[in-house]
Every structure is written in C-alpha cells, then in structure tokens.
Amino acid sequence: LGIGIVVVGVLMGATTGIVGATVVTLGLLTLPGMLRRGYDRGLACGVICASGTLGQIIPPSLILILLADITNQSVGTMFAAAMVPGLLLSAVYVVYILLLGVFRPEMVPAIPAEERAGISGVQLTGKVVRVVAPPIGLVIAVLGSIIAGIAAPSEAAAMGALGSILVAAFGRRLTWRVLRETVQDTTRITAMVMFILICAQAFSLAFRGLHGEQLVQDAFRLLPGGIDAGIWFLMALIFVLGFFIEWIEISYIAVPLFLPIFIHANVDLVWLSTLICVNLQTSFLTPPFGWSLFFLRGVAPPE
C-alpha cells in the first residue's frame with residue numbers, strides 16, 4: 001500500500017503538480033484503509049504527505065517554472081534536469097518502505113493472503129492498466145513534447161489541460177462543478193503568484209537601491225570554503241526559511257539575492273535550481289508552516 005501511494009503521488013505530481021489536491025486525494029482514498037489494516041499512524045501520514053509533495057519536483061512543476069524565470073533558463077531544460085532527481089527521491093521512499101517491511105513488519109503489515117487470493121493476476125493487471133495508462137499518456141504528451149522540442153511550455157500546458165479534460169471525461173468524472181473548481185483554483189494560484197512577483201520586484205528595486213547586493217557579496221567573502229560553502233549556506237538558509245514562509249516567497253525574494261554571486265562564479269544554474277527545487281520540497285513538510293500537514297489534517301479521521 002505504501003509503495004502504491006508513492007507511485008500515485010508521482011503520477012498525480014506529473015499530471016497536476018498541485019500538492020494540496022494530491023495530499024487530500026491520497027488522504028481520502030488511502031489513509032482509512034491503511035489505518036484499518038494496522039499501519040503505523042505516523043508512517044501512514046508521513047508516506048501520504050511526502051508522496052503528495054513529489055509534484056514539486058516531478059515535472060511539470062510550478063517551482064521549476066518559476067526558477068526557470070528567475071534564473072533565465074529554459075523550462076524544458078529544467079524539466080529534463082529534475083526528472084531523474086525526482087524519480088530517485090521516489091525510489092528512496094520505496095526502498096525505505098521495503099526495508100520497513102523486512103525489519104519492522106508490524107509497521108507495514110501485508111495484505112492477508114485470503115484477500116490476495118481473491119484477485120487473479122489478469123484482473124489486477126487490467127486494473128493497473130486502466131488506472132495508470134491515462135496519466136502516463138498525459139505525462140508523455142506534455143513532457144515529451146517539451147523535451148523533444150516539439151512544443152513550447154505554453155503549448156504543452158494547453159495539451160495537458162485538454163488531455164486532463166479528456167481523461168476526466170472518459171473516466172466519467174467531468175462535471176460542471178469539477179470544471180468550475182479547477183478554473184477557480186487555477187485563477188487563484190495565478191493571481192497569488194503574480195501578486196508575489198509584483199511585490200518581489202518592488203523589494204528587489206529597494207534592496208538594490210540600498211546596495212544590498214554588495215552587503216550579500218561581502219558576507220559571502222567571509223565564508224571559508226569558496227563557492228562550495230556559498231552553495232551549502234544557500235541550501236541551509238532555504239531549508240530554515242521553509243519552516244516559516246512559503247516556497248514562492250523564498251524563490252522570488254531569497255534566491256535572487258545570491259544569484260549574481262553564483263553567476264559570477266560560473267555555477268551551473270540548472271543544477272543549482274534542481275538543488276533548490278529538491279530543498280524547497282521540504283517546506284511542505286516542516287512545521288509550523290508545512291502545508292501538507294494542514295491538507296492531510298483536513299481529511300484525516302479524528303483519531
């Protein structure tokens with residue numbers, strides 16, 4: 001069950017990229033079943049929260065799109081660079097669950113043999129194909145067209161939107177309510193990002209006008225270890241900031257402060273952005289701000 005949740009988190013992250021929707025969906029569908037089967041409560045909640053945030057790394061990720069704009073890099077290149085780290089992190093989750101199954105089986109009890117015997121391999125394969133094939137096809141259509149250079153990110157996004165509508169229609173889940181809520185959520189997220197972008201630009205102008213960049217450069221010169229120490233310092237700062245503020249503010253306010261230093265040192269900005277993206281995923285999990293915790297708490301049983 002835990003491994004299945006990780007796989008679903010990857011697929012939903014690759015098709016929606018919305019952490020809230022992924023965590024809520026996984027919580028509603030899987031948490032009651034895991035608790036009923038005797039899963040450790042902390043592990044059950046942790047797997048759902050961590051898997052739900054994979055959409056921030058697995059393309060098409062909103063974080064990657066914003067970082068591509070901030071660092072002036074190609075969105076397609078960013079997507080291609082983040083794919084392997086995202087899948088690697090997912091594999092780490094799977095290996096961790098497997099090791100728990102071997103060494104701590106009481107935390108992840110197996111499905112009873114009687115229940116497994118009631119489902120044939122053909123039936124199980126058919127269910128897996130029906131559930132997994134549509135989102136995988138959608139991922140290939142969106143990411144494949146970007147990485148192959150067939151479509152620009154905006155065009156691929158339109159293909160993804162149309163493909164999502166068709167998948168929902170074929171699954172008989174397309175209703176006016178779903179369509180209306182999707183449009184409202186999209187508008188809300190877009191407006192929030194644009195508002196933060198406007199405020200970040202005003203902050204950047206004031207910061208540069210007060211010679212803040214020079215202060216940051218002077219502070220970096222005091223760090224022993226050169227540019228490598230600077231990268232470690234940025235990663236530590238982003239991790240700590242993730243406890244208290246949202247990833248959008250970190251991306252638009254904190255990251256640009258240090259960017260000129262890394263550009264001057266010829267650091268690969270695509271590689272650096274991938275590091276930042278993986279680091280920012282933790283901001284959804286670390287209290288007191290962790291969004292995933294609040295999303296799951298909203299749908300978790302009282303106990």
Side-chain angles (χ1 to χ4, degrees), residues 6 9-23 49-94 139 142-143 146-147 153 156-157 160 189-190 192-193 196-197 200 227-228 230-263 265 267-286 289-292 295:
V6 175
V10 171
L11 293 177
M12 291 190 67
T15 52
T16 66
I18 302 176
V19 171
T22 304
V23 173
C49 288
S51 301
T53 61
L54 289 172
Q56 297 304 302
I57 302 175
I58 302 292
S61 163
L62 186 58
I63 292 181
L64 291 172
I65 296 174
L66 295 185
L67 288 176
D69 177 67
I70 293 170
T71 59
N72 197 27
Q73 301 296 312
S74 166
V75 176
T77 302
M78 298 282 280
F79 283 176
M83 180 63 76
V84 171
L87 294 177
L88 182 61
L89 184 59
S90 308
V92 171
Y93 291 166
V94 170
V139 171
V142 175
L143 298 183
I146 295 176
I147 296 174
I189 293 173
T190 303
M192 177 182 66
V193 171
I196 294 175
L197 176 59
I227 195 63
D228 293 335
I231 294 175
W232 277 105
F233 176 76
L234 176 62
M235 293 299 108
L237 178 64
I238 290 175
F239 180 75
V240 173
L241 289 176
F243 281 78
F244 308 105
I245 61 177
E246 198 175 16
W247 62 270
I248 300 178
E249 287 91 335
I250 297 174
S251 300
Y252 272 125
I253 296 177
V255 174
L257 297 181
F258 306 100
L259 205 55
I261 298 171
F262 296 123
I263 294 176
V267 175
D268 188 337
L269 295 183
V270 175
W271 172 77
L272 181 65
S273 299
T274 305
L275 283 181
I276 294 172
C277 183
V278 175
N279 198 345
L280 284 174
Q281 188 220 12
T282 61
S283 66
F284 287 87
L285 302 171
T286 48
F289 188 80
W291 275 116
S292 292
F295 290 139

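No experiment lies behind these values; they were computed from the predicted model shown. We number each residue from 1, following the sequence as shown.
Minimum heavy-atom separation, M78 to S273: CE-CB, 3.2 Å. For T274 against A82, the heavy-atom pair with the smallest separation is CG2-CA, 4.2 Å. Between S251 and L280, the shortest heavy-atom contact is OG-CD1, 3.5 Å. Taking all atoms of both residues into account, the shortest heavy-atom contact from I58 to S90 is CD1-OG, 4.5 Å. Residues M235 and I276 approach most closely at CE-CG1, 3.6 Å, considering heavy atoms. Taking each heavy atom of I70 and L259 in turn, the nearest pair found is O-CD2, 3.6 Å.
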Report task. Walk me through it: do I261 and I227 pass the test side-chain contact (heavy atoms from CB on, under 4.5 Å)? Result -> CA-CA 9 Å; I261 298 171; I227 195 63; 4.2 Å; yes
Query - Worked verdict on T282 versus F243 for side-chain contact (heavy atoms from CB on, under 4.5 Å) - result: CA-CA 9 Å; T282 61; F243 281 78; over 6 Å; no
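Here F258 pairs with F220 under the ring pair (Phe, Tyr, Trp, His ring centres under 6.0 Å) rule; sequence neighbours left out.
Considering only heavy atoms from C-beta on, I238 stays 4.5 Å or farther from W247 through its side chain. Proximity of I231 to W271: side-chain heavy atoms (C-beta onward) are separated by under 4.5 Å at one or more points.
Remark: L64 CG to T71 OG1 distance equals 10.0 Å, nearest 0.5 Å. The distance from atom SG of C49 to atom CZ of F295, rounded to the nearest 0.5 Å, is 10.5 Å. From L272, atom CG reaches atom CD1 of I263 across 9.5 Å, with rounding to the nearest 0.5 Å. Summarising the geometry, atom CG belonging to L234 is positioned 14.0 Å from atom CZ belonging to F239; distances are rounded to the nearest 0.5 Å. The OG1 atom of T286 lies 8.5 Å from the CZ atom of F244; values are rounded to the nearest 0.5 Å. Here L67 contributes atom CG and L275 contributes atom CG; the two are 11.0 Å apart, rounded to the nearest 0.5 Å.
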